[in-house]
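Data block below; observations after.
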Amino acid sequence: MTKIFKFTAIAEGISYLVLFANMLLIKPNNIELYKKLLYPIGMAHGVLFIGYVVLAFLIMKSQKWSIKDLFVVQLASLLPFGTFYIEKKYVKNA
């Protein structure tokens, strides 16, 4: 389960950055391409985000996280590059 969480954390972080790139780089130059990419990128990011949150709750005991640690892990899902930090610093034995 921990390996799946690590993969999900990395994939969620990448999808978040791709979503930002679409908004910041493509939208000003090509609004039609932006609109075509927004739904698939947004849907993938949404599914990965939900998976990240659910998996964090599921592996909380095996990783011996306190409630404070779980809060930090969940908060990191809202920050760019946050899931990469969590994957390196908080996830053990994977």
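In this chain, numbering begins with 1 at the start of the sequence shown.
If you take CD1 on I26 and NZ on K36, they are separated by 12.5 Å, rounding to the nearest 0.5 Å. L19 CG to I14 CD1: the interatomic distance, rounded to the nearest 0.5 Å, is 13.5 Å. Note that CH2 of W65 is 10.5 Å distant from CZ of F57, once rounded to the nearest 0.5 Å. Atom CD1 in I31 sits 5.5 Å away from atom NZ in K35 (nearest 0.5 Å). To the nearest 0.5 angstrom, E12 atom CD is 11.5 Å from I86 atom CD1. One distance of note links CE of M60 with CG of L58; it measures 11.5 Å at 0.5 Å rounding.
A search for ring pair (Phe, Tyr, Trp, His ring centres under 6.0 Å) contacts involving F20 returns Y16, not counting sequence neighbours. For the side chain to side chain contact (heavy atoms under 4.5 Å, CB included) test, residues two or more places apart in sequence or in another chain that qualify with L78 are F49, L75. Here F84 pairs with nothing under the ring pair (Phe, Tyr, Trp, His ring centres under 6.0 Å) rule; sequence neighbours left out. Not counting sequence neighbours, the partners of L25 by the side chain to side chain contact (heavy atoms under 4.5 Å, CB included) test are A21.
Side chains of M1 and L55 form a contact here, defined as non-hydrogen atoms less than 4.5 Å apart. Side-chain contact check for M23 versus L38: every heavy-atom pair is 4.5 Å or farther apart. Between I59 and I4 there is no side-chain heavy-atom pair separated by less than 4.5 Å.
In plain terms, the two heavy atoms of P80 and L17 that are nearest each other are CB-CD2, 4.3 Å. Closest of all the heavy-atom pairs between T2 and S62 is OG1-OG, 4.4 Å. Considering every non-hydrogen atom in both D69 and K64, the closest pair reads OD2-O, 4.5 Å. The two residues T83 and G13 have their closest heavy-atom pair at OG1-CA, 3.2 Å.
In terms of hydrophobic clustering, with Ile, Leu, Val, Met, Phe, Trp and Tyr side chains grouped at heavy-atom distances under 4.5 Å, F5 and F7 are assigned to different clusters. Under the 4.5 Å side-chain heavy-atom criterion for Ile, Leu, Val, Met, Phe, Trp and Tyr, Y85 and V73 are members of the same hydrophobic cluster. Under a hydrophobic clustering in which Ile, Leu, Val, Met, Phe, Trp and Tyr are joined whenever their side-chain heavy atoms come within less than 4.5 Å, directly or via other members, F71 and V91 fall into the same cluster.
Counting only residues at least two apart or in different chains, side chain to side chain donor-acceptor pair (under 3.5 Å) contacts with residues 43-56 comprise S15-H45. Counting only residues at least two apart or on different chains, the salt bridge (Lys or Arg N to Asp or Glu O under 4.0 Å) pairs with a member in residues 80-90 are K6-E87.
Exactly one of L48, V54, V53, V47 qualifies for a side-chain contact (heavy atoms from CB on, under 4.5 Å) with I50. That residue is V54.
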